[in-house]
Amino acid sequence: MTDESVTEDADLSTVVDLLDDDHARTILVATSAEPRSASELSDRCGVSVSTIYRRVDRLTAADLLEEQTRPRADGHHDTVYVSTLERFELAIRDGDLTWHIERRGEDVADQLSRLWGNF
């Protein structure tokens with residue numbers, strides 16, 4: 001089993017476990033369209049905010065979700081989440097399994113930094 005992506009922090013089993021979870025998938029889909037807060041995600045998924053935070057923590061640790069700050073008109077701010085997952089590819093060919101995650105918003109400098117960090 002090989003990992004073709006130089007931008008990987010999470011292992012394949014972690015990513016597959018996350019993508020196998022209905023709530024995690026709903027969070028990724030919802031946050032791919034626009035940034036959403038934990039309470040907005042809770043409403044969308046029909047689960048408690050604490051359940052959302054558990055999924056958000058796992059998705060963030062796998063670098064599939066990013067935390068951002070959304071300013072409000074009253075001067076305060078909300079923490080919102082944005083999906084970084086653009087594409088997940090798994091291939092089985094000629095007796096080899098390869099996988100790759102493409103993340104949104106990564107430029108060449110980000111990819112080189114991650115590659116250097118892996119050394």
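In this structure, R36 and V80 have side chains that are not in contact, with every pair of non-hydrogen atoms separated by 4.5 Å or more. Within the 4.5 Å cutoff, the side chain of D17 has heavy atoms near those of the R58 side chain. The closest side-chain heavy-atom distance from R55 to D21 is below 4.5 Å. Counting only heavy atoms from C-beta outward, the side chains of S32 and E86 never approach each other to under 4.5 Å. Contact annotation: the side chain of L85 approaches that of L19 to within less than 4.5 Å [non-hydrogen atoms, C-beta and beyond]. The closest side-chain heavy-atom distance from V47 to H23 is below 4.5 Å.
In the hydrophobic cluster analysis, where Ile, Leu, Val, Met, Phe, Trp and Tyr join through side-chain heavy atoms closer than 4.5 angstrom, V29 is grouped apart from L18. By the criterion of side-chain heavy atoms lying less than 4.5 angstrom apart, applied directly or through intervening Ile, Leu, Val, Met, Phe, Trp or Tyr residues, V16 is grouped together with L28 in one hydrophobic cluster. By the rule that hydrophobic residues join a cluster once side-chain heavy atoms approach within less than 4.5 Å of another member, V15 and V82 end up as members of separate clusters.
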Open item on the list: Does L64 form a side chain to side chain contact (heavy atoms under 4.5 Å, CB included) with R103? I'd like the steps, not just the answer.
Closed with: CA-CA 8 Å; L64 300 178; R103 290 181 174 87; 4.2 Å; yes
Task: From CA spacing to verdict: side chain to side chain contact (heavy atoms under 4.5 Å, CB included), T84, L65 - done: CA-CA 5 Å; T84 61; L65 197 67; 5.7 Å; no
- [ ] Begin from the C-alpha positions of D78 and T69 and carry the test side chain to side chain contact (heavy atoms under 4.5 Å, CB included) through to its verdict.
- [x] CA-CA 6 Å; D78 292 324; T69 301; over 6 Å; no
Task: side-chain hydrogen bond (donor to acceptor under 3.5 Å, both in side chains) between T14 and D11, worked out - done: CA-CA 5 Å; T14 299; D11 63 9; 2.5 Å; yes
TODO: Please test R54 against D57 for salt bridge (Lys or Arg N to Asp or Glu O under 4.0 Å), starting from the C-alpha separation and ending with a verdict.
DONE: CA-CA 5 Å; R54 281 193 296 276; D57 287 345; over 6 Å; no
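Between R70 and P35, the shortest heavy-atom distance links the atoms NH1-O, 3.6 Å. For the residue pair L41 and A30, the shortest heavy atom distance occurs at CD2-CB, 3.9 Å. A38 and V49 make their closest contact through CB-CG1, 4.1 Å (heavy atoms, listed as atom of the first residue, atom of the second, distance). Of all non-hydrogen atoms in E89 and R87, the two that sit nearest each other are OE1-NH2, 3.0 Å.
Side chain of T31 to backbone of S83: a donor-acceptor contact under 3.5 angstrom is found.
The aromatic rings of Y81 and Y53 sit perpendicular, their planes meeting at an angle over 60°, well past the 30° parallel limit.
Annotation for R72: atom CZ counts as buried by contact number, over 12 foreign heavy atoms lying within 6.0 Å. Counting non-hydrogen atoms of neighbouring residues, nucleotides and ligands closer than 6.0 angstrom, the CG atom of D74 exceeds 12 such neighbours.
One distance of note links CD of E102 with CZ of F88; it measures 13.0 Å at 0.5 Å rounding.
S39 and S42 form no side-chain donor-acceptor contact under 3.5 Å, judged by distance and modelled atom types alone.
Only one option out of T26, I27, D43 pairs with I52 in a side-chain contact (heavy atoms from CB on, under 4.5 Å); it is I27.
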